[in-house]
Amino acid sequence: VISVAAHNSRFKQIWRKVVNAAMLTFTGMATILVVAPLIWILGYVIQAGLPAITPAFFTQLPTPVGVPGGGIVNALAGSLLTVGLGALIAAPVGILAGIYAATNPNTFFGLLLRFGTDVISGVPSIVMGIFAYALVVLPQRHFSAESAGIVLAFIMAPTIIRTTEEMVKLVPGSLREGSLALGAAEWRTSASVVLPAALNGVLTGVMLAVARAAGEAAPMLFTAFGNPFMNTDIRQPIATLPHTIFVYAIAPYDDWHAKAWGTALVLISLVFVLNSLARLIAWSRVRRLGSVIRN
Amino acid sequence: MIIQATASNPRTIFLSQLRSFWQHGDRLFRLLLGFAGLLTLLLVAAIGYELWQNSALSRETFGWNFIVTTEWDPALNRVFGALPFILGTLITSAIALLVAIPLGLGTAVFLAELSPGWLRQPLGFLVELLAAVPSVVYGLWGLFVYIPIFVRPLAEGLNHTLGFLSLFTGPVYGPSRLAAGLLLAIMVFPTITAVSRDVLLAIPNSQREAALALGSTHWETIWQVLIPYGLSGLLGAVILGLGRALGETVAVTMVIGNNLDLSASLLHPGYTMASIIANEFTEATYNLYLHALIEIGLILFVLTLLINLIARLLIWQVARRLSAEVRA
């Protein structure tokens with residue numbers, strides 16, 4: 001191609017420049033088109049959601065259709081409970097598995113674990129939901145907050161494992177070697193030298209996982225199931241924020257649509273605050289975090 | 001040995017033997033780590049097993065015909081076939097990729113090659129925020145904003161100009177396969193953009209410098225050198241995006257209209273594998289019905305597993321060649 005370019009006619013030279021300019025402009029336009037929906041969505045959620053946000057919105061239970069007032073306190077509590085339960089299960093297992101992946105990078109099992117984690121993160125959340133349904137709901141014969149917590153743990157685990165792995169790998173080898181040379185056992189080194197050094201990063205992973213899990217509506221349909229009343233019993237059905245948005249949005253009442261936008265504003269603020277915080281914590285540590293955060 | 005021989009107390013001997021057997025707790029620690037890892041890997045197998053077990057009735061009743069049957073009649077004849085849903089998933093994902101590949105790759109090129117340094121970080125942050133928006137919020141926005149303002153006028157335009165094609169026959173509905181595909185496109189932008197940006201950034205600078213030194217324009221460098229160089233990684237990024245589109249549930253359920261429409265028109269409402277599960281799972285009143293829905297979940301699981309396997313292998317391969325940390 002380039003040798004042809006060397007004895008090009010003047011017309012071809014101009015043509016190449018035109019193509020160059022056109023395509024470079026296209027990439028700029030593409031960037032604008034990709035970012036535009038985000039701004040559109042954010043702007044609209046704020047505009048439509050803000051009127052619904054009152055103190056009562058955070059403290060009251062939902063009211064029947066047509067009755068003014070009412071809030072989403074049951075969904076807030078439910079999301080807190082289910083996501084908290086999920087994090088409680090996923091964090092210990094995920095952090096341990098992440099340390100394993102980081103300390104055994106080139107063994108067969110280590111590679112398999114990294115690969116398996118990547119693959120799990122691609123399993124659709126609705127499939128995870130069916131899995132939790134078969135595992136927990138079917139034997140118990142009723143929907144429950146604990147089944148929701150379990151499915152959210154499955155969804156969180158890959159993010160926590162991968163972030164932990166990346167962060168532990170970033171801890172300088174000299175720290176680890178120094179501790180081992182002083183006679184500390186391997187577990188002692190991991191627990192009191194490596195993990196504290198990587199703690200910020202590990203926390204980032206947990207927060208990103210929580211942010212992702214808090215927005216999952218699909219598996220909630222047949223695990224948490226929803227509940228118009230306040231519930232703190234993990235063996236009973238429970239309302240969650242994303243599921244509330246779904247139910248309100250597909251109902252034919254304007255009143256409920258307004259509440260759906262309000263709930264969406266609450267949820268998106270929560271998710272963005274968690275994401276930004278996680279990134280701020282990690283910012284000083286890793287530039288590469290971008291590669292950890294997705295999925 | 002000397003220490004053990006001189007220790008008089010048998011209890012001390014036992015403890016020191018125990019310590020050395022467990023290597024001062026390290027063996028236990030490694031077991032614990034390995035167990036956590038194993039638990040994670042078992043998850044994949046367990047998902048497959050549960051879906052297989054709980055779809056037994058449907059698999060035994062319909063066999064392979066399940067995949068090619070277009071009938072879905074839970075009320076009267078109790079006949080189930082997954083073809084309309086499989087096609088719906090493939091059609092909406094295809095629309096999404098058709099839109100997202102040029103725009104997503106274009107953005108990746110801009111972020112990696114052209115953007116000034118000060119703009120790269122904030123733009124990257126915005127793209128990652130796009131990935132963080134919960135899918136139910138996409139659905140809400142799609143249903144009340146995106147469809148009436150953008151998709152419906154577009155659908156009417158397509159119907160007017162290209163209505164003679166069976167793809168664009170009317171009547172025009174708001175919620176439709178087109179709406180689902182165009183919403184999915186937005187949802188897979190971040191995946192495609194971020195992974196392919198990382199692939200492009202991992203390509204050694206010598207490649208760019210050589211191409212420019214030989215007289216290539218900036219675009220020729222990108223199109224003839226960088227893209228072929230990172231091709232398998234870029235392909236991996238696209239396939240990863242496809243995986244996300246295939247499994248997306250709530251947003252699609254909200255905008256696709258949920259109708260067992262067998263026409264080829266993109267402007268009609270349809271169904272996908274994920275959206276039929278979301279819609280009817282809690283309404284499945286007898287076991288065969290439930291098992292048929294779980295079998296659709298099984299098909300979806302196998303499909304996304306394969307897609308992800310291919311994507312990861314492609315991306316890993318490019319990462320190893322560039323000896324860079326590109327993961328998705």
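What's counted below: heavy atoms across the whole structure, side chains too, no hydrogens, waters or symmetry copies. Predicted model, so just to flag it, every value in this text is computed and none were measured. Below, chain A is the first sequence line, B the second, and so on; all start at residue 1.
When atom types are taken as modelled, the side chain of A:Thr27 and the backbone of A:Leu24 share a donor-acceptor pair closer than 3.5 angstrom. Under the 3.5 Å distance criterion, the side-chain polar atoms of A:Arg114 are left unmatched by any main-chain donor or acceptor of A:Ala101. Looking only at distances, a side-chain donor or acceptor of B:Arg120 sits under 3.5 Å from a matching main-chain atom of B:Ala112. The main-chain N or O of B:Ala245 is never found under 3.5 Å from a side-chain atom of B:Glu248 such that the two would form a donor-acceptor pair.
Each of B:Ala274, B:Gly243, B:Ala36 has some count of heavy-atom pairs under 4.5 Å with chain A, and the biggest count is that of B:Ala36. Of all the listed residues (A:Asn20, A:Leu96, A:Val127, A:Val123), the one sharing the greatest number of non-hydrogen pairs under 4.5 Å with chain B is A:Asn20. When each of B:Phe110, B:Tyr49, B:Phe189 is scored by its heavy-atom pairs under 4.5 Å with chain A, the top score falls to B:Phe110. The greatest number of non-hydrogen atom pairs below 4.5 Å with chain B, out of A:Ile41, A:Val19, A:Ile39, is found for A:Ile41. Of all the listed residues (A:Ala21, A:Ala218, A:Ala214, A:Gly116), the one sharing the greatest number of non-hydrogen pairs under 4.5 Å with chain B is A:Ala218. For the options B:Leu143, B:Val44, B:Leu39, B:Thr40, heavy-atom pairs under 4.5 Å to chain A are most numerous at B:Thr40. Most heavy-atom pairs under 4.5 Å with chain A: of the set B:Leu32, B:Val145, B:Leu51, this distinction falls to B:Val145. For chain B, the option among A:Leu112, A:Thr103, A:Leu42 with the highest count of heavy-atom pairs below 4.5 Å is A:Leu112. Your options are B:Gly124, B:Gly247, B:Gly106, and the one with the most heavy-atom pairs under 4.5 Å with chain A is B:Gly106. Looking only at heavy-atom pairs under 4.5 Å with chain A, the residue among B:Thr253, B:Val127, B:Leu114 that has the most is B:Leu114.
With sequence neighbours left out, the side chain to side chain donor-acceptor pair (under 3.5 Å) criterion links B:Ser55 to B:Arg59.
Contact of the A:Tyr44 side chain with the A:Gln47 side chain is registered, since non-hydrogen atoms from C-beta on lie closer than 4.5 Å.
Contacts between A:Leu241 and chain B at a heavy-atom distance below 4.5 Å are absent for every atom of the residue. Contacts of A:Val93 with chain B are made by both backbone and side-chain atoms, with heavy-atom separations under 4.5 Å. Contacts of A:His257 with chain B are made by side-chain atoms alone, with heavy-atom separations under 4.5 Å and no backbone atom involved. Contacts of A:Ala211 with chain B are absent, with no heavy-atom separation under 4.5 Å from either backbone or side chain. Contact annotation for A:Val34: both backbone and side-chain heavy atoms come within less than 4.5 Å of a heavy atom of chain B. For a residue to count as touching a neighbouring chain, one of its non-hydrogen atoms must lie under 4.5 Å from one of that chain's; by this rule A:Leu274 does not touch chain B. Within the 4.5 angstrom heavy-atom criterion, atoms from both the backbone and the side chain of A:Phe246 approach chain B. Only the side chain of A:Met128 comes within less than 4.5 Å of a heavy atom of chain B; its backbone N, CA, C and O stay farther away. Of the atoms belonging to A:Tyr248, not a single heavy atom falls under 4.5 Å from chain B.
Separation of the B:Tyr138 and B:Tyr146 ring centroids does not fall under the 6.0 Å cut-off. Taking the six-membered ring for Trp, A:Phe143 and A:Phe222 have ring centres at least 6.0 Å apart. Taking the centre of each ring, B:Phe281 and A:Tyr133 come in below the 6.0 Å mark.
By the 4.0 Å N-to-carboxylate-O rule, A:Asp118 lies close enough to A:Arg162 to be salt-bridged with it. A salt bridge links A:Lys169 with A:Glu165: at least one charged nitrogen is closer than 4.0 Å to a carboxylate oxygen.
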Got a list of side-chain donor-acceptor pairs under 3.5 Å for residues 262-270 of chain A, not counting sequence neighbours?
from, atom 1, to, atom 2, distance (Å)
A:Thr263, OG1, A:Lys259, O, 2.6
A:Ser269, OG, A:Leu265, O, 2.5

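For the pair B:Arg27 and A:Trp187, the cation-pi criterion (under 6.0 Å, within 45° of the ring axis) is not fulfilled.
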Task: Worked check of side-chain hydrogen bond (donor to acceptor under 3.5 Å, both in side chains) between B:Ser216 and B:Gln224 - done: CA-CA 9 Å; B:Ser216 298; B:Gln224 293 169 1; 5.1 Å; no
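Every pair passing salt bridge (Lys or Arg N to Asp or Glu O under 4.0 Å) that includes a residue from residues 28-48 of chain B is listed here, sequence neighbours excluded: A:Glu186-B:Arg30.
Within residues 291-299 of chain B, the residues that have a heavy atom under 4.5 Å from a heavy atom of chain A are B:Ile294, B:Gly297, listed by number.
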